[in-house]
Amino acid sequence: MSINTSEFGIFDNEKIELYTLTNSNGVELQITNYGATITTLKVPNSKGVVENIACGFDTLDGYFKKEYVENSPYFGGTIGRYCSQIKDSKFTLNGKEYNLAKNCGENNLHGGVTGFDKKIWKAEVVSDNAIKMSLYSKDLEEGFPGNVKVEVVFTLTNTNEVKIDYTATPDQDTPIALTNHTYFNLDAFSSTVEGFIARVNTAKRQAMDDTGTGTGEIVDVTGKSDDLTKGKKIGDVHAEMGDGFEHFYVFDNPKFELQEVANIKSEISGRSLSVLSTEPCMLLYTGKYTSDEIKRENGEQYGKYRGFCCETHRYQNGPNIENSPKSITKAGEEFKSTTIFKLGW
């Protein structure tokens, strides 16, 4: 195992670093402290050819290009203070209404205009295979109450796991839901994700209203086109639904224990991705809104259906949904969450 540090760019007159973690099997994970963002994930295929499978850029400048900023796909970022959409950019907590930044129509998306993915994090190498990113989110930042100390530890193991451990401690009751927004393509962007076989270990999902946010209703999809409990080819389901995935699947996990929630595999490259999480929800997103104009500096082509996300987190719109599990972290309590992306080939 090894970690290499290099300069990634300059932001707000501060030098931004890139950290490269490498394991004994040829897996390489690159993370920058701008947004605690995964920029690159290189993984062998079944023939031993190592290729990148994560949407991102080789320079910090890539995250500020016009076509990327205008489309805002959040490639690889750590999302917070509360990920996904909050209805009408407001919620009531302890009898007080809080108004948030509106950055998705009338709704608040992924923490607001300047969410955690657009912050400079303090980075610390904590071992030969782990990086800790730390952030201090101030009271009423983007409208959220309370000061919050946030830490995210990224670990690359020799069993080919990318392990992400989140902790956060607020000094007031506040909504917290953190996730990682990496887009994966198991065939190294040689094609879309529609040929992959996706299995999600639940037949329940959150219902969404016409603005794209959760209503509180949980829908049973057993036997429906978006029932992935037995595994289906993504393209076949796209055809049946007439659209791409933007599905918030819900899992039975009352004790927030680590469990496998999804598995996606490619028969072409032989690569697979198992997702394990302590979280009660996972957004499966197949990039239906991603702009085809976005490319990596080396020409690697991104765009519609060219990357999928498995965003594990609390319920979207959780602060406005009665009995939404652990959408509010109490003052002095510790928010904890773990997600593992286990790679195979």
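Excluded from the calculations below are hydrogen atoms, water molecules and symmetry mates; all remaining heavy atoms, backbone and side chain alike, are included.
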Co-members of the apolar cluster containing V126 [side chain, <4.5 Å]: none
Do [Y] and [X] have ring centroids that are under 6.0 Å from one another?
X: F184; Y: F341; result: yes
X: Y68; Y: F75; result: yes
X: F189; Y: Y302; result: yes
X: H181; Y: Y183; result: yes
X: F64; Y: Y34; result: yes

Taking atom types as modelled, find out whether [X] and [Y] have a side-chain donor-acceptor pair closer than 3.5 angstrom.
X: E311; Y: N180; answer: no
X: N94; Y: D173; answer: yes
X: D187; Y: S269; answer: yes
X: N158; Y: N25; answer: no
X: S337; Y: R314; answer: no
X: H238; Y: T286; answer: yes
X: E333; Y: T329; answer: no
X: Q30; Y: T20; answer: yes
X: N147; Y: D171; answer: yes
X: E260; Y: N201; answer: yes
X: T222; Y: D227; answer: no
X: T339; Y: T312; answer: yes
X: Y82; Y: S327; answer: yes
X: N107; Y: S89; answer: no
X: T159; Y: T157; answer: yes

- request: Please lay out, stage by stage, how S191 and R306 fare under the test side-chain hydrogen bond (donor to acceptor under 3.5 Å, both in side chains).
  value: CA-CA 7 Å; S191 62; R306 296 190 72 87; over 6 Å; no
query: So, T92 side chain and G95 main chain: donor-acceptor pair closer than 3.5 Å or not?
result: no
task: Given side-chain hydrogen bond (donor to acceptor under 3.5 Å, both in side chains), test N23 with N160 step by step and report yes or no.
output: CA-CA 8 Å; N23 76 2; N160 309 314; 2.9 Å; yes
Is any side-chain heavy atom of [Y] closer than 4.5 Å to one of [X]?
X: K204; Y: V221; answer: no
X: V162; Y: L41; answer: yes
X: T338; Y: K163; answer: yes
X: I79; Y: F116; answer: no
X: S272; Y: W345; answer: no
X: Q316; Y: L283; answer: no
X: T37; Y: Y63; answer: yes
X: F144; Y: N108; answer: yes

Is a salt bridge present between [X] and [Y], judged by a nitrogen-to-oxygen distance below 4.0 Å?
X: E300; Y: K295; answer: no
X: R205; Y: D226; answer: yes
X: R81; Y: E142; answer: no
X: K119; Y: D117; answer: no
X: K304; Y: D292; answer: no

task: Take atom CD of E67 as the centre, draw a 6.0 Å sphere, and report whether it contains more than 12 heavy atoms from other residues, nucleotides or ligands.
output: yes
message: Are there over 12 heavy-atom neighbours, none belonging to D252, within less than 6.0 Å of that residue's CG?
response: no
field: Parallel, tilted or perpendicular: ring planes of Y249 versus F245, cut at 30 and 60 degrees
entry: tilted
- prompt: By salt bridge (charged side-chain N to carboxylate O under 4.0 Å, His left out), which residues pair with K87, not counting sequence neighbours?
  reply: D209
message: Is there a path of hydrophobic side-chain contacts, each under 4.5 Å between heavy atoms, that joins L93 and I86?
response: yes
task: I would like to know whether K132 and E151 meet salt bridge (Lys or Arg N to Asp or Glu O under 4.0 Å); could you show each step before the answer?
output: CA-CA 7 Å; K132 180 170 72 175; E151 291 184 351; 3.8 Å; yes
CA sep, side-chain torsions, deciding dist, call: T155, N129, side-chain hydrogen bond (donor to acceptor under 3.5 Å, both in side chains): CA-CA 6 Å; T155 305; N129 69 331; 5.6 Å; no
task: Apply ring pair (Phe, Tyr, Trp, His ring centres under 6.0 Å) to the pair Y285 and F308, showing each step before the final yes or no.
output: CA-CA 6 Å; Y285 177 56; F308 67 85; over 10 Å; no
task: Identify the residue among V200, V193, L284, V275 that makes a side chain to side chain contact (heavy atoms under 4.5 Å, CB included) with I264.
output: L284
